[in-house]
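As structure tokens, the structure follows; a few thoughts come after it.
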There are 2 protein chains.
Amino acid sequence: MSDIAKAAGVSVATVSNTINDTGRMTEETKARVKKAMQELGFVRDYNAAKLRSGRSRLIGVLVPDISVPFYAEFCTSLEAALSEHGYLPVIANVGEDTKRQQTMLEEVIGHGVAGIAISPSAGTKRSDFEIASTRKIPVVTFCREIEGLAMDYIGSNNYQAAQLATKHLLEQGHRKFAMIAGLQETMPGRERKRGFYDALKAAGIPEADIHVEVCGFDRECGRIKAQELISNQTEFTALLCHNDLVSVGAAAELKKAGRNIGEDLAVVGFDNLPEGEAWTPALTSVESYPRTIGKDVANLLIKRLDGDTAPTMTERVEPHLLVRDSSRFQV
Amino acid sequence: MSDIAKAAGVSVATVSNTINDTGRMTEETKARVKKAMQELGFVRDYNAAKLRSGRSRLIGVLVPDISVPFYAEFCTSLEAALSEHGYLPVIANVGEDTKRQQTMLEEVIGHGVAGIAISPSAGTKRSDFEIASTRKIPVVTFCREIEGLAMDYIGSNNYQAAQLATKHLLEQGHRKFAMIAGLQETMPGRERKRGFYDALKAAGIPEADIHVEVCGFDRECGRIKAQELISNQTEFTALLCHNDLVSVGAAAELKKAGRNIGEDLAVVGFDNLPEGEAWTPALTSVESYPRTIGKDVANLLIKRLDGDTAPTMTERVEPHLLVRDSSRFQV
DNA sequence: CTGAAAGCGCTTACAG
DNA sequence: CTGAAAGCGCTTACAG
């Protein structure tokens, strides 16, 4: 910076003022400085700036696994919104591990991020974020709502999503239900199951006709749980799965076992993955809008960084049911 | 750091030496310092460290779009390998825009990254990387090989992949071919087309029985080009598509038009997307190993950062054909 | 084995 | 409107 100050015949303070456009100098001076920057190929050092000013343009993003389509979509949308405001994401995959989450939180703070977006691992406690709050680094949580955390949160309304799906199945005339629910240690796992259950109870479906299996989040566990349903000869005409990955796995097993999906068996999932739509029959799904969530998380974070001190907010994005051939028929 | 020096009754130099484990002090001193760090909740400031030492633990990652499954897988694997060595990725989506690529390159360098992994946009020139080479920041390119760039490159062997797929189709007895090729401004677009074409010429297939359409990379353009093939009444029993997204789009149109995929028409794609496998019939695909590429890029970058000055290297990961129902039949 | 001090590249009161 | 100087939190020769 002193090089370019020399070249332009001004002081370094003037160079800094030009870069940050504090508007304290004449257009003529600015132009001269900018010309020198061009010629010398100047690239501002954000690190040094942050060291002095305390302000940073990096945002820490902690997700379980960015290769999961939901998070990939989320990150793309978050990155786009951040970059519009001059911010850049530092992304870390933390899996389902609170230890690693703590390490990466520290790591990302060590790198001087201005704010943090995090989908907290199951078992996260309020105190895990002390390291950020001490430093007044705003944190926005998403997707995994943790009870009693009292922090900014944006995610889809999982309870409502499950109710939508279940009511649809009831409307199609189903009376015997099964669900392959996700990990009950996570909020989406619990909420989707609760929505399913509540909708059935409200419709007067007896316990005996509601069967729930619990598993993880992938195709493989859909397959395994479907096999169990088959070998236990559980009776059901409607199957709700925690997400479309589980749906695809379960549907494949059920098809193999001779069930006609879309004719005598309805299968419904969540998250609207292309994979479910590509299936034959196309699988009904509840869209949960990862792109909306990504954009909203970015904007909330930026608002907080701009000094917004409005009370902690919780936003639950409204889901949308996409009825496809796997559940369109009437029983 | 001076606080913890005071607490431990040592100088800041000793604290720094403890953190960086330069091994210059007694275990006893180290223990005392570490205790003070714990108690005061010390988090090292990488920015300040980088400012003084010039060393950084951030890696810039520039991809077209992280929500494309191939790149999502790539990034997960890259991140895992980087984080094993204490590095963290700063990720930017640059689309297909060399202007934005230049901006983000500068941005990422401004944030003090130690190295850069980039899938260069079509039209990237050697001089676009001057900004990095001037600063001696190692750059590893991937997926998009740019001719005459003379830089480290890791990607899949697209030519070989297309040959694998085409030879398979020849072996199944096909004699009339169509291809929906990807953008010819990109190396994968050109190489997959060239591999297809060369394999057919080598087998003595006449020009008249080779039909090539060129489009983008998504389902929609697969759909559009398939419609064109149908309305032009192009004759073919084997269709090769630039990737599985295109395959799915094209296959859907062809099915609608009454073609029996897997019986009188073979469809083959690339990248082994779950979506293609979920299709009925399951679509044959060539796996191109994004996770291997991600890991290798990370390791090469780290080698370069460790001072490896071996000549520029090019690695082309060998592809693998996955034959599924869409092309298993004999003509 | 440990400490005092300079300096990395910026920003920011403060003075003029 | 512009400049001189201090200081952000580290690392690193250098001295002891």
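Because the structure is predicted, anything quoted here is derived from the model rather than measured. Only this structure's heavy atoms are used, side chains among them; waters, hydrogens and symmetry mates stay out. Residue numbering restarts at 1 for every chain, and letters A, B, ... go by the order of the sequence lines.
If you take CD1 of A:I19 and P of C:dG9, they are 13 Å apart, rounded to a whole angstrom. Rounded to whole Å, atom C1' of C:dC8 lies 19 Å from atom OH of B:Y46. Regarding A:I4, its CD1 atom lies at a distance of 12 Å from the P atom of D:dG3, rounded to whole Å. Between the NZ atom of A:K50 and the C1' atom of C:dT12 there is a distance of 16 Å, rounded to whole Å. With rounding to whole Å, B:N47 atom CG is found 16 Å from D:dG7 atom C1'. In this structure, B:D21 atom CG and D:dT12 atom P are separated by 14 Å, rounded to whole Å. If you take CE of A:M37 and P of C:dG9, they are 16 Å apart, rounded to a whole angstrom. A straight line from CG of A:L51 to P of C:dG7 spans 17 Å, rounded to a whole angstrom.
Without hydrogens or angle criteria, A:R44 side chain to A:S16 main chain gives no donor-acceptor distance under 3.5 Å. The main-chain N or O of A:Y153 is never found under 3.5 Å from a side-chain atom of A:E315 such that the two would form a donor-acceptor pair. With B:S56 contributing its side chain and B:G112 its backbone, the two residues share a donor-acceptor pair below 3.5 Å.
Looking at the side chain of A:R52, the nearest of the listed nucleotides C:dT2, D:dG9, C:dT11 is C:dT11. Picking from C:dT12, C:dG9, D:dT12 the nucleotide with the shortest atom distance to the side chain of A:N17 gives C:dT12. Listed nucleotides: C:dC1, D:dT11, C:dC10. Nearest to the side chain of B:S53: D:dT11. For A:M1, whose side chain is taken as the heavy atoms from C-beta onward, the closest listed nucleotide among C:dT11, D:dT11, C:dT12 is C:dT11. Across D:dT12, C:dT12, C:dC1, the shortest atom-to-atom separation from the side chain of B:T26 is found for C:dC1. Out of C:dC10, D:dC10, D:dT12, the shortest distance to the side chain of B:R55 is found at D:dT12.
Within 4.0 Å (heavy atoms only), B:V15 reaches no atom of the nucleic acid at all. As judged by a 4.0 angstrom heavy-atom cut-off over every strand, B:A13 is placed among the base-contacting residues. Within the nucleic acid shown, B:S16 comes within 4.0 Å of at least one base atom, counting heavy atoms only.
Evaluation of the ring pair (Phe, Tyr, Trp, His ring centres under 6.0 Å) rule for A:F70 yields no partner, not counting sequence neighbours. Residues that satisfy the side chain to side chain donor-acceptor pair (under 3.5 Å) test with B:D152, not counting sequence neighbours, are B:R304.
In terms of phosphate contacts, B:N20 brings a side-chain nitrogen or oxygen within less than 4.0 Å of OP1 or OP2 of D:dT11. A close approach under 4.0 Å does not occur between any side-chain nitrogen or oxygen of B:S11 and OP1 or OP2 of C:dA4. For D:dT2, the OP1/OP2 oxygens have a side-chain nitrogen or oxygen of A:T29 closer than 4.0 Å.
Between A:T124 and the options A:Q101, A:Q102, A:R144, a side-chain hydrogen bond (donor to acceptor under 3.5 Å, both in side chains) holds for only A:Q101.
In DNA chain C, runs of at least 3 stacked Watson-Crick or G-U pairs (N1-N3 plus N6-O4 or O6-N4, or N1-O2 plus O6-N3, all under 3.5 Å) give these stems: C:1-3 with D:14-16, C:5-12 with D:5-12, C:14-16 with D:1-3.
Screening residues 122-147 of chain B for ring-ring contact (aromatic ring centres under 6.0 Å, His included), with sequence neighbours left out, gives B:F74-B:F142.
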For residues 292-301 of chain A, please give each side-chain donor-acceptor pair under 3.5 Å, one per line with the distance, not counting sequence neighbours.
from: A:N299; atom 1: ND2; to: A:K295; atom 2: O; distance (Å): 3.3

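Contacts between residues 302-309 of chain A and DNA chain C, counted as heavy-atom distances below 4.0 Å, involve no residue at all.
Looking at B:S119 and B:Y71, their side chains do bring a donor and an acceptor atom within 3.5 Å of each other. With no hydrogens or angles considered, a side-chain donor-acceptor pair links A:S67 and B:R291 at under 3.5 Å.
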